[in-house]
Each structure stands twice: as structure tokens, then as C-alpha cells.
Trainee: 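Encoded as C-alpha cells, here's the structure I'll be asking about.
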Amino acid sequence: MPFDSPDEQWVLERFGDRDLRIREEYAPRLRPPGLEPVIRSNFDVYFTGKSLVYEKQPCRRPTDVEAPFFVHVFPMDRNDLPDRRRQSQFDNLDFRFRSIGQEVGGTCFAVRHLPEYPIATIRTGQYTGGGRVWEGSFDIAGQARDGEAAP
């Protein structure tokens, strides 16, 4: 059942795990104006405090979006992780573009919501059976490191 809300961020935060589609006029507002990417690679990745926004322009479908995305979230306190994730020391929030992504006006974007616990570092990128396509990481404390495309 369709519905409209004047606050698209509210909708994304509460229903982002569902297959939602955003009206084209709202797409440029997924990230606050003036926000710089924390990772520049095949996709620019923006950190909004509660979410990661992946953006690629121009986007070549399906080439740019067929590889799955990995998102490894390292908490400040390992005890914040679910029991099954404590041994690996990170939360695995991998996703496929078709599940949360969208193309609007030649730009592909996806929004991945983050856990509520305090985060130390995030590693993200895309991978295939042959390895990583691109990857990047950044420390929430401000030590951003740009992404690198795989050779």
C-alpha cells in the first residue's frame, strides 16, 4: 500500500530493510547538502550518523550493482555485538543492491542503516567470487581512508 511522508529520512530509518522505492524528487535529499563522502571509490559512500549512503553517478546497470556489497561494522565495545558475531569482532551487514538500492535519473544509490551501538570503524565495498571489486574503510573518530579499486 503506498503512502507519502514529508520526512523521507523517517521512512528510511523505519522501513529501510524493506523493498521501498523513493520518489525521484526526494532522491537528492538522501544525504544532507554539502556532506562529503567518507570513501571515494566505485561508489561514493557517505556517513550520515545513522546510515551509510552509497551513490554512483553515472550508474551502469547491471555492471555497477550486480556484485554484493559488504559492510563490516566494528563496535567501540565488542560486547555490543550479537553473541554469534563476537568471535569475528564485527557486525556483518552485507546487502545486495536489488534489496535496498534504486536508480534514479542515472544515479544508483542505496541506504544501509547502522546499528545503534557506538561504532569505531566501518569497512565496506563490493565483492565477487573472484575477490573484492573495491573496498574502503573509515574510523568514526574521523580518520577516513578512501576506497581502493581492486587490481
Trainee: For the residue pair Tyr54 and Phe69, categorise the inter-ring angle as parallel (less than 30°), tilted (30 to 60°) or perpendicular (more than 60°).
Mentor: perpendicular

Trainee: On a heavy-atom basis, which atom in Ala110 and which in Gly101 lie closest, and how many Å separate them?
Mentor: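 For Ala110 versus Gly101, the nearest heavy atoms are CB-CA, 3.8 Å.
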
Trainee: Among Val65, Thr124, Leu52, Val133, whose side chain to side chain contact (heavy atoms under 4.5 Å, CB included) with Phe43 holds?
Mentor: Val65

Trainee: Show which residues join Phe90 in its hydrophobic cluster (side-chain heavy-atom contacts under 4.5 Å, direct or indirect), or state none.
Mentor: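 Phe74, which link up through side-chain heavy atoms under 4.5 Å apart, make up the rest of the cluster.
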
Trainee: Under the 3.5 angstrom rule, does the side chain of Arg132 hit a backbone N or O of Gly125 as a donor-acceptor pair?
Mentor: no

Trainee: Are any non-hydrogen side-chain atoms of Leu114 and Ile122 less than 4.5 angstrom apart?
Mentor: yes

Trainee: Mind listing the closest non-hydrogen atom pair of Phe70 and Glu135 along with its distance?
Mentor: CZ-CB, 3.7 Å

Trainee: For residues 33-80, which residue pairs qualify under disulfide bond (SG atoms under 2.5 Å apart), counting only residues two or more places apart or in two chains?
Mentor: Cys59-Cys108

Trainee: CD/Gln126 to CG/Asn42 distance, rounded to the nearest 0.5 angstrom?
Mentor: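 Rounded to the nearest 0.5 Å, the CD-CG separation comes out at 6.5 Å.
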
Trainee: For Asp83, check side-chain contact (heavy atoms from CB on, under 4.5 Å) against everything at least two apart and list the hits.
Mentor: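 side-chain contact (heavy atoms from CB on, under 4.5 Å) check on Asp83 returns Arg86.
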
Trainee: Sequence neighbours left out, what passes salt bridge (Lys or Arg N to Asp or Glu O under 4.0 Å) with Glu36? Give chain and number order.
Mentor: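 Only Arg40 meet the salt bridge (Lys or Arg N to Asp or Glu O under 4.0 Å) criterion with Glu36.
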
Trainee: Measure the spacing between CD of Glu66 and OG1 of Thr128 and express it to the nearest 0.5 Å.
Mentor: 9.0 Å

Trainee: What's the separation between atom CZ in Phe109 and atom CD in Glu55, rounded to the nearest 0.5 Å?
Mentor: 8.5 Å

Trainee: With sequence neighbours left out, write down each residue that passes side-chain contact (heavy atoms from CB on, under 4.5 Å) with Arg60, or none if nothing qualifies.
Mentor: Thr63, Asp64

Trainee: Among residues two or more places apart or on two chains, list those pairs meeting disulfide bond (SG atoms under 2.5 Å apart) that have a residue in residues 62-91.
Mentor: none

Trainee: Kindly compute the distance separating NE2 (His113) from OG1 (Thr48), expressed to the nearest 0.5 Å.
Mentor: 8.5 Å

Trainee: Just to verify, what does Phe47 make a ring-ring contact (aromatic ring centres under 6.0 Å, His included) with, not counting sequence neighbours?
Mentor: Phe138

Trainee: Can you tell me how far the CD1 atom of Ile39 sits from the CG atom of Asp44, to the nearest 0.5 Å?
Mentor: 10.0 Å

Trainee: Walk me through whether Thr107 and Lys56 qualify under side-chain contact (heavy atoms from CB on, under 4.5 Å).
Mentor: CA-CA 6 Å; Thr107 300; Lys56 170 106 177 166; over 6 Å; no

Trainee: With Arg96, which residues qualify under side-chain contact (heavy atoms from CB on, under 4.5 Å), at least two apart?
Mentor: Pro68, Arg98, Ser99

Trainee: Where do Ala67 and Tyr127 come nearest, in terms of heavy atoms and distance?
Mentor: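 Where Ala67 meets Tyr127 most closely, the heavy atoms are CB-O, 3.4 Å.
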
Trainee: Do the non-hydrogen side-chain atoms of Leu81 and Pro115 ever get within less than 4.5 Å of each other?
Mentor: no

Trainee: Going by the rule salt bridge (Lys or Arg N to Asp or Glu O under 4.0 Å), which residues pair with Glu103 if we only count those two or more places apart in sequence or in a different chain?
Mentor: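 Expected list: Arg61.
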
Trainee: Considering residues at least two apart in sequence or located in another chain, which fulfil the ring-ring contact (aromatic ring centres under 6.0 Å, His included) criterion with Tyr117?
Mentor: none

Trainee: Strictly distance-based, threshold 3.5 Å: is any side-chain N or O of Asp94 a donor or acceptor partner for the main-chain N or O of Val71?
Mentor: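 Indeed, once roles are kept as given, a pair shorter than 3.5 Å links the two residues.
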
Trainee: List for me each residue that meets side chain to side chain donor-acceptor pair (under 3.5 Å) alongside Ser88, sequence neighbours excluded, and say none if there are none.
Mentor: Arg85

Trainee: Under the side-chain contact (heavy atoms from CB on, under 4.5 Å) rule, collect the residues that match up with Pro118, sequence neighbours excluded.
Mentor: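 Here the qualifying residues are Met76, Asp80.
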
